[in-house]
Amino acid sequence: MKTTSSHGLHHLHTASLCTPYLLLVPLGLLALLLALPSLGSSHARSQGLGVLCRGAAGTDGGGGYHSVAPTGADEKKASVVADADAETPPRPQPDLSLLVGVLTMPSRRERRDIVRMAYALQPPASAARVDVRFVFCNVTDPVDAALVAVEARRHGDIVVLDCAENMNDGKTHAYLSNVPRLFASSPYDYVMKTDDDTYLRVAALVEELRGKPRHDVYLGYGFPVGDDPMPFMHGMGYVVSWDVARWVSTNQDILRHNDTHGPEDLLLGKWLNIGGRGKNRYDLKPRMYDLNWFMDNFRPDTIAVHLLKDNRRWAATFKYFNVTAGINLSHLP
Ligand SMILES: *[C@@H]1O[C@H](CO)[C@@H](O)[C@H](O)[C@H]1NC(C)=O
Ligand SMILES: *[C@@H]1O[C@H](CO)[C@@H](O)[C@H](O)[C@H]1NC(C)=O
Ligand SMILES: *[C@@H]1O[C@H](CO)[C@@H](O)[C@H](O)[C@H]1NC(C)=O
Ligand SMILES: *[C@@H]1O[C@H](CO)[C@@H](O)[C@H](O)[C@H]1NC(C)=O
């Protein structure tokens, strides 16, 4: 199985989240961790690596710092991929709104098409405004730029951030800290970050969110470390409430301490733990999970299934969730 993403690292990093577990960390990794700049405010810093654990004291970020500016951000409001806006006329007033950002790269065009269809073919979530956007950093290659421009014009679901394309070098920070400004005119209750190897079942997620608070929320696949069931949420997909995204966007400490380099999901948990944010925390295991090697651990109540790293695994997913049911290719004219 390919492990081109960061996710393969999780098992290594898990052990390093809390100070006592440092003993378990392989030496090379320990060196890497110690090389990371210390973080947070002075009293957070005094806890050393312990700040990775939950319960660290709160430090409020200062106001208004923005590291990045949108460039060719194509955030046309036209297309609402996961929302069946065009359908039945009298829709209930949305009582919940969710922005789903799928972090991807320009070159992954084929995957993006599959993911786009995966969202488009889902039943709409009722009484919810859900928008799906594909999120890039600067598109520097001229061929990529042309093709992405065409794709953006056709689908209107592309967001380009001012950052250099990367997986674990600040893209999530750029995303969360740009969203509050990019979508300031119509804020969402919740902001999600997910990847292009995750199949997200939007309606199931929305039902899960419906009864939750709209503030100070951090929800996903909780990654347990020691006694803490969820010091951070796995990068396959997590949700923060709008106020948490805004807090990230205004927290100057994160950038001052250059604390955006490393596993993006672990880092978000770390920022929130240091800042005392995201206290309404929800673990959606086992309804979020990795698809195993044999592709036989699908479950009917799935919210998200991850590690869909090739077409075969996407095909199995579509088949299991009956997306392909009733489509008889050999019958087509
Ligand atoms: C992204 O592109 C913009 C405009 O082309 C440029 O000003 C900016 O420096 C670039 N940012 C990065 C991080 O490469
Ligand atoms: C931030 O950290 C990265 C990775 O550790 C390093 O390459 C970079 O030079 C640092 N930048 C600053 C401004 O310290
Ligand atoms: C797919 O369809 C079959 C047959 O109707 C049904 O038994 C099954 O529960 C469906 N699977 C899911 C995940 O909805
Ligand atoms: C699909 O079409 C083929 C060829 O016409 C036919 O033999 C088959 O029974 C059809 N399958 C279903 C499930 O309708």
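Note that the coordinates shown come from a computational prediction; the quantities given were computed from them, not determined experimentally. Here, residue 1 is the first one in the sequence, and each next residue gets the next number. Heavy atoms only: backbone and side chains are in, while hydrogens, waters and symmetry mates are out. Both ligands and their constituent atoms are indexed starting at 1 by order of listing.
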* **Phe232 and Tyr238 aromatic centres sub-6.0 Å** => no
* **Worked check of salt bridge (Lys or Arg N to Asp or Glu O under 4.0 Å) between Asp243 and Arg246** => CA-CA 5 Å; Asp243 59 308; Arg246 212 172 37 211; over 6 Å; no
* To do: Evaluate the salt bridge (Lys or Arg N to Asp or Glu O under 4.0 Å) criterion for residues Asp95 and Arg210: first the C-alpha distance (whole Å), next the side-chain angles of each, then the deciding distance (0.1 Å), finally the verdict.
  => CA-CA 8 Å; Asp95 55 18; Arg210 200 177 296 285; 2.6 Å; yes
* Asked: Hey, are Arg256 and Asp253 close enough for a salt bridge, meaning a charged N less than 4.0 Å from a carboxylate O?
  -> yes
* To do: For the pair Phe318 and Tyr199, name the ring-plane relationship: parallel under 30°, tilted 30 to 60°, perpendicular over 60°.
  => perpendicular
* Asked: Among Thr260, Asp259, Asn258, whose heavy atom sits nearest atom 2 (O) of ligand 2?
  -> Asn258
* Starting from atom 13 (C) of ligand 3, which protein heavy atom do you reach first, and at what distance in Å? -> Tyr320 O, 3.6 Å
* Structure fact -> Hits for ring-ring contact (aromatic ring centres under 6.0 Å, His included) against Tyr175, two or more places apart or cross-chain, chain-then-number order -> none
* Compare Asp301, Asn322, Val323 and give the one whose heavy atom is closest to atom 12 (C) of ligand 3. => Asn322
* Structure fact -> For Ala164, the atoms of ligand 1 under 4.0 Å from one of its heavy atoms are 13 (C)
* Asked: Which residue from Asp162, Thr140, Leu161 reaches closest to atom 8 (C) of ligand 1 through any of its heavy atoms?
  -> Asp162
* With atoms numbered from 1 as shown, which atoms in ligand 1 lie under 4.0 angstrom from a non-hydrogen atom of Asn138? -> 1 (C), 2 (O), 3 (C), 8 (C), 10 (C), 11 (N), 12 (C), 14 (O)
* To do: Show which atoms of ligand 1 fall inside a sub-4.0 Å distance from at least one heavy-atom site of Cys163.
  => 13 (C)
